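Treat the numbers as computed from the prediction; the structure is a model and nothing was measured.
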Amino acid sequence: MTDAPPEGRITTEVREHVLLMGFDRAAKRNAFGPEMLNALSEAYAQLHADDNLRCGVVHAHGAHFTAGLDLVAMAPILGQGQAFLPPDAYDPWGLWGRPRTKPVVVAVQGMCLTLGIELILASDVTVAARDARFAQIEVKRGIFPFGGATLRMPERVGWGNAMRYLLTGDELDAQEAWRIGLVQEVVDAGQQLERAVDIATRIARQAPLAVQATLHNAVTYRDRGLAAAQAELAPTLLRLAQTEDAQEGMMSFVERREARFRGR
């Protein structure tokens, strides 16, 4: 994209049941200022408000995913200790505000720094181009990761792998990111968005209420522990078994055809 305003924007595109959300500030390597943060939150709100949308894909225009925060633009907010988003907004990084209930797939290319990694950690599936490179460089700037990396990276990639990169600020390439589990697939450069959309489309073809329940129960386990997640199992199954989609799933199996789920 070439006509984005200087402060950048988030593009949106609907493909069937999938919402594509694109960083569009290529001239600044898609660095985030307050305008883009709010616009991405609004795109997440669109994803959740529209029952036709079942999965999101986050991607970036240009050669790079994101250089992280635009520290110059964000300095007034950081200096005053203000929240980046209103308390009732959807926080794509999942640290405050309204909780995300629909899956998100991420497509990454080129540079992916700081809050870019933290967005991956807050999402569900990530596809990286072979030219992608990652670094959590806050310790090189005298600060520390405050977008969720310290909370989620040890769980995602293991303690040693997390500390190896969080404490040094060293860069890792796409293959290393795949080896430690930060990303789930590595593809040739230029194919990452297509592959991410393919995965999101496969998710969107499943029963929406069942997908959301699966995501919710996994998040419950991650955030609240085994007992809380176990307590949800039977009630959630009973609720889903009474839906039209559950009946459709059974009939499609009996009739040997693809299911047509409606999210109810």
Side-chain angles (χ1 to χ4, degrees), residues 18 20-23 26 29-32 40 55-69 92-95 100 102-140 144-145 147-206 211 214-215 218-219 221-223:
V18 175
L20 278 65
M21 300 169 278
F23 309 160
R29 296 184 175 181
N30 291 320
F32 271 73
L40 185 59
C55 190
V57 172
V58 172
H59 67 103
H61 301 283
H64 300 286
F65 186 66
T66 181
L69 281 179
W93 288 267
L95 296 175
R100 178 172 60 87
K102 296 182 181 181
V104 171
V105 181
V106 182
V108 180
Q109 78 275 8
M111 180 185 297
C112 178
L113 301 182
T114 59
L115 93 169
I117 295 175
E118 290 168 321
L119 185 59
I120 288 172
L121 293 169
S123 302
D124 304 303
V125 180
T126 298
V127 178
R130 296 190 195 282
D131 69 350
R133 55 192 194 275
F134 307 82
Q136 200 79 48
I137 61 172
E138 286 89 346
V139 293
K140 294 186 174 184
F144 89 124
T150 56
L151 311 178
R152 298 186 177 121
M153 191 178 286
E155 175 190 53
R156 178 74 64 90
V157 307
W159 184 269
N161 288 326
M163 294 305 109
R164 164 70 180 83
Y165 293 104
L166 289 176
L167 300 181
T168 64
D170 284 351
E171 182 178 291
L172 60 155
D173 62 16
Q175 193 63 29
E176 174 70 356
W178 174 81
R179 183 191 72 81
I180 65 177
L182 180 62
V183 307
Q184 285 60 65
E185 292 190 19
V186 178
V187 299
D188 291 338
Q191 296 182 4
Q192 68 280 353
L193 178 56
E194 178 183 357
R195 180 57 181 150
V197 171
D198 178 62
I199 293 172
T201 300
R202 289 176 62 82
I203 293 171
R205 286 174 182 161
Q206 313 314 313
V211 167
T214 301
L215 178 62
V219 170
Y221 173 71
R222 183 194 68 192
D223 294 347

Just wondering, do F23 and V58 contact through their side chains at under 4.5 Å, heavy atoms?
yes

Heavy-atom check, side chain of I137 versus side chain of T114, under 4.5 Å
yes

Is any side-chain heavy atom of W93 closer than 4.5 Å to a side-chain heavy atom of L40?
yes

Any non-hydrogen side-chain atom of R164 less than 4.5 Å from a side-chain atom of I180?
no

Which is it for Y165 and V157 under the side chain to side chain contact (heavy atoms under 4.5 Å, CB included) test, yes or no, and what are the steps along the way?
CA-CA 11 Å; Y165 293 104; V157 307; over 6 Å; no

Once rounded to the nearest 0.5 Å, what's the spacing between atom CZ of F144 and atom CG of L167?
12.5 Å

Under 3.5 Å, side chain of Q206 to main-chain N/O of R202, donor-acceptor pair present?
yes

Looking only at heavy atoms, what is the nearest atom pair of L115 and G68, with distance?
CD2-CA, 2.9 Å

Are side-chain heavy atoms of I203 and V105 found at a separation under 4.5 Å?
yes

Heavy-atom closest contact (V104 atom, D124 atom, distance):
N-OD2, 2.9 Å

Shortest non-hydrogen contact from A174 to A129?
CB-O, 3.4 Å

Without swapping roles, check the side chain of Q192 against the backbone of G190 for a donor-acceptor pair under 3.5 Å.
yes

According to salt bridge (charged side-chain N to carboxylate O under 4.0 Å, His left out), does anything in residues 58-69 pair up with another residue at least two apart or in another chain? List the pairs.
none

Is the side chain of Q136 donor-acceptor paired with the backbone N or O of T168 at a distance under 3.5 Å, no angle test?
no

Pair E176 + R179, salt bridge at N-O below 4.0 Å
yes

Could you check whether any side-chain N or O of R100 sits under 3.5 Å from a backbone N or O of A122, counting only pairs where one atom can act as donor and the other as acceptor?
yes

Look up atom CG in D188 and atom CD in E194, then write down how far apart they are to the nearest 0.5 Å.
11.0 Å

Side-chain touch R152/E118, heavy atoms, less than 4.5 angstrom:
no

Atom CD1 of I117 and atom CE of M153: how far apart are they, to the nearest 0.5 Å?
5.0 Å

Sole residue of V127, D131, V187 in side-chain contact (heavy atoms from CB on, under 4.5 Å) with Q109:
D131

Is there side-chain contact between L69 and L113, with at least one heavy-atom pair below 4.5 Å?
no

Which heavy atom in L95 sits nearest to a heavy atom in G148, and how many Å separate them?
CD1-N, 3.9 Å

Under 4.5 Å between any side-chain heavy atoms of T66 and M111, yes or no?
no

